[in-house]
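One is the number of the first residue; the rest follow in order along the sequence. Predicted model, so just to flag it, every value in this text is computed and none were measured.
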Amino acid sequence: MKKLSVYLLICVIGTVFAACAKGGSAKNSGNGVPESERVSERQTTQSETSKEQRETKTQPTETDDPAEYELNTVEALEDDGKEMSAAEALKSAMEGKHSVLELTYRERLFSLTEGDGWQQADEIKDMPDAGLARMNMLTYNRGVGLAIVPINEAGWKYFVCVDLDQNGTREVLVYGNPGGAALHYAGGEVYMTVIDERSFPNDVYENGVYRRDGGGVGCTAYDRLYPAKGAMYCKVMAYSADNEGLVTPSVYKVMNKEVTKEEYDAYLEELIGGFTPLEWHEFTEENINKYVVD
């Protein structure tokens, strides 16, 4: 009798364990979806996630290495080759319809002032176009310092129109996230001369003279730019380092020759006296059409 009781107890325990195991299996199957399908679903989700990550990676982020990106050049744009006036070509370039040939201050910006630091030139002359990159201004992707930066569109913010060399044709100075540049038209092409930020114009005057940072505390320079086919030339007209109160004495120069402060002030009055700085305009299509004219 005792043996029979033990046997019946063992059978009851076995039945309970089997029922629990069956219930656990039904719960883990989740909404009737077989485990094999759930594995397949996870693999599909992981594949889609991986695809999204790859697609996201193609969009530049702030943490991307700029060295991974190539200079955003173009073969030609819709207005290339058309007969256009200087203003029409410049306007078209600013709207991304006409390509620009890129000049950089390291390569094609020449100094006419002895000892100014760029490539030196004795005279203003045309230069060949060989080796210049053809760009779309609206997708320009060099930053200050000429490093290639991962941007989808250039962030031009302001521009001003001025006849830099006083030859009767106005050029355009532009400024924004890529830095600063001068646009000029010559020989049927639009040239975009990228200018070092420190050397980029601040106040710009109607006679083509502009003020810029002189490279140090209290230092100011007044320059002119001279556009040519395939090149840009710069001349420092006046320079001052006002070091009042410092150990280093103040310096005043006119055409790279040291002068007294009185002589410097008199020359500056002759150079820009009576002129007020030109207005910078927001880089919008409306302003481009309004101010970039012949």
**Student:** Where do A238 and Y264 come nearest, in terms of heavy atoms and distance?
**Tutor:** CB-CE1, 3.8 Å

**Student:** For E123 versus Y233, what's the shortest heavy-atom pair and its separation?
**Tutor:** O-CE2, 3.4 Å

**Student:** Please confirm whether the backbone N or O of K157 pairs with a side-chain atom of N177, one donor and one acceptor, at under 3.5 Å?
**Tutor:** no

**Student:** Could you tell me which non-hydrogen atom of A133 sits nearest to which non-hydrogen atom of T73, and how far apart they are?
**Tutor:** CB-CG2, 4.1 Å

**Student:** Given the rule in the side chain to side chain contact (heavy atoms under 4.5 Å, CB included) test, do R224 and L112 qualify, once you have shown the distances and angles that lead to the verdict?
**Tutor:** CA-CA 10 Å; R224 280 189 186 276; L112 298 175; over 6 Å; no

**Student:** Using 30° and 60° as the class boundaries, would you call the ring planes of Y205 and F275 parallel, tilted or perpendicular?
**Tutor:** perpendicular

**Student:** Looking at every non-hydrogen atom in both residues, tell me the closest pair between Y185 and G188 and how far apart they are.
**Tutor:** OH-CA, 3.4 Å

**Student:** Any luck finding a side-chain donor-acceptor pair between D129 and Y191 under 3.5 Å?
**Tutor:** yes

**Student:** Checking Q166 side chain against E206 main chain: does a donor-acceptor pair fall under 3.5 Å?
**Tutor:** yes

**Student:** Does any N or O in the side chain of N289 come within less than 3.5 Å of the main-chain N or O of E285, such that one atom is a donor and the other an acceptor?
**Tutor:** yes

**Student:** Between K97 and D79, is there a salt bridge with N-O shorter than 4.0 Å?
**Tutor:** no

**Student:** Please assess W280 against L173 for the test side chain to side chain contact (heavy atoms under 4.5 Å, CB included), listing each intermediate value before the final yes or no.
**Tutor:** CA-CA 9 Å; W280 288 82; L173 298 171; 4.0 Å; yes

**Student:** Is any side-chain heavy atom of V293 closer than 4.5 Å to one of R170?
**Tutor:** yes

**Student:** When you measure from the side chain of H184 to the backbone of A228, do you find a donor-acceptor pair of N or O atoms at a distance under 3.5 Å?
**Tutor:** yes

**Student:** If only atom types and distance count, is the side chain of W156 paired as donor or acceptor with the main-chain N or O of M137 below 3.5 Å?
**Tutor:** yes

**Student:** Under a single-linkage definition using a 4.5 Å side-chain heavy-atom cutoff for Ile, Leu, Val, Met, Phe, Trp and Tyr, are V190 and F283 assigned to the same hydrophobic cluster?
**Tutor:** yes

**Student:** Considering only heavy atoms from C-beta outward, does the side chain of Y267 approach that of V259 to under 4.5 Å?
**Tutor:** no

**Student:** What are the two closest heavy atoms between D294 and A86, and how far apart are they?
**Tutor:** OD1-N, 4.2 Å

**Student:** Rounded to the nearest 0.5 Å, how far apart are OH of Y210 and CE of M237?
**Tutor:** 11.0 Å

**Student:** Is the closest basic N to carboxylate O distance between R142 and E102 below 4.0 Å?
**Tutor:** yes

**Student:** Apply the test side chain to side chain contact (heavy atoms under 4.5 Å, CB included) to residues K235 and Y226: give CA-CA distance (whole Å), side-chain angles for both, the deciding distance (0.1 Å), then the verdict.
**Tutor:** CA-CA 8 Å; K235 178 181 287 187; Y226 297 89; 4.0 Å; yes

**Student:** Does any N or O in the side chain of N72 come within less than 3.5 Å of the main-chain N or O of T139, such that one atom is a donor and the other an acceptor?
**Tutor:** yes

**Student:** Can you tell if the side chain of E171 reaches within under 4.5 Å of the side chain of D165, non-hydrogen atoms only?
**Tutor:** yes

**Student:** Are V149 and V74 connected, step by step, through hydrophobic side chains (Ile, Leu, Val, Met, Phe, Trp, Tyr) whose heavy atoms are closer than 4.5 Å?
**Tutor:** no

**Student:** So, do R212 and P201 sit near enough that their side-chain heavy atoms are less than 4.5 Å apart?
**Tutor:** no

**Student:** Hey, could you give me the CD1/CG distance between I272 and D203, rounded to the nearest 0.5 Å?
**Tutor:** 8.0 Å

**Student:** Are any side-chain N or O atoms of D163 and backbone N or O atoms of G168, one a donor and one an acceptor, separated by less than 3.5 Å?
**Tutor:** yes

**Student:** Please name the pair of heavy atoms, one in Y291 and one in C161, separated by the smallest distance, quoted to 0.1 Å.
**Tutor:** O-SG, 3.5 Å

**Student:** Do T113 and N256 pass the side-chain hydrogen bond (donor to acceptor under 3.5 Å, both in side chains) test, and can you show the C-alpha distance, the side-chain angles, and the key distance before you say yes or no?
**Tutor:** CA-CA 7 Å; T113 310; N256 208 40; over 6 Å; no

**Student:** Other residues, nucleotides and ligands only: do more than 12 of their heavy atoms fall within 6.0 Å of CG on D122?
**Tutor:** no

**Student:** To the nearest 0.5 Å, what is the distance between CG on L132 and CG on L103?
**Tutor:** 5.5 Å

**Student:** How long is the gap from OG1 on T104 to CG on L109, to the nearest 0.5 Å?
**Tutor:** 8.5 Å

**Student:** Are M127 and M192 joined in one hydrophobic group, where the rule is that I, L, V, M, F, W and Y side chains link up if heavy atoms are under 4.5 Å apart?
**Tutor:** no

**Student:** Under 3.5 Å, side chain of N136 to main-chain N/O of L77, donor-acceptor pair present?
**Tutor:** no

**Student:** Determine, stepwise, if the pair M84 / S92 fulfils side chain to side chain contact (heavy atoms under 4.5 Å, CB included).
**Tutor:** CA-CA 9 Å; M84 311 179 81; S92 179; 3.9 Å; yes

**Student:** CZ/F159 to CD/E279 distance, rounded to the nearest 0.5 angstrom?
**Tutor:** 9.5 Å

**Student:** So among V172, V204, V209, which one has a side-chain contact (heavy atoms from CB on, under 4.5 Å) with V162?
**Tutor:** V204

**Student:** Do the side chains of M135 and L138 join up, straight or via other hydrophobic residues, at under 4.5 Å, putting them in one cluster?
**Tutor:** yes

**Student:** Would you compute the distance between atom CD of Q119 and atom SG of C234 and round it to the nearest 0.5 angstrom?
**Tutor:** 13.5 Å

**Student:** Can you hop from Y140 to I148 via hydrophobic side chains spaced under 4.5 Å?
**Tutor:** yes

**Student:** So, are R134 and E189 salt-bridged, with charged N and O less than 4.0 Å apart?
**Tutor:** yes

**Student:** Can you confirm whether more than 12 heavy atoms, excluding those of Y158, are under 6.0 Å from its OH atom?
**Tutor:** no

